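Down below is the structure, laid out as structure tokens.
Predicted model only: the values in this text are computed from it and were never measured.
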Amino acid sequence: MPNIWVDGVIREMTEAEIKAWENALAVEETPTEAERIAVLEETKAEQSDVDELHEALDMILTGVTE
């Protein structure tokens, strides 16, 4: 059985506490497809910026300039 920290003491969780925890986790909303796509597009844009910075750093470190 899982343990829980309560008032400075570790004890086993009751069945009711486990059920309440599971219910709280189940309430979390699943992102919509549009939200997932937006996050993916934002991540791709951020990765592009990182790639550009890495390329610039490589050029600086190797002494190559345009």
Only pairs under 3.5 Å count here: list side-chain donor-acceptor contacts from residues 34-47, not counting sequence neighbours, and write none if there are none.
unit_1	atom_1	unit_2	atom_2	d
Glu35	OE1	Thr32	N	2.8
Glu35	OE1	Thr32	OG1	3.4
Arg36	NH1	Pro31	O	3.0
Thr43	OG1	Val39	O	2.8
Gln47	NE2	Asp51	OD1	2.8

Q | By side-chain hydrogen bond (donor to acceptor under 3.5 Å, both in side chains) - contacts of Arg11 (at least two apart) | A | Glu17
(Q) Could you list the cluster mates of Leu61? Members are the ILVMFWY residues connected by side-chain heavy atoms closer than 4.5 Å, either directly or through other members. (A) Leu57
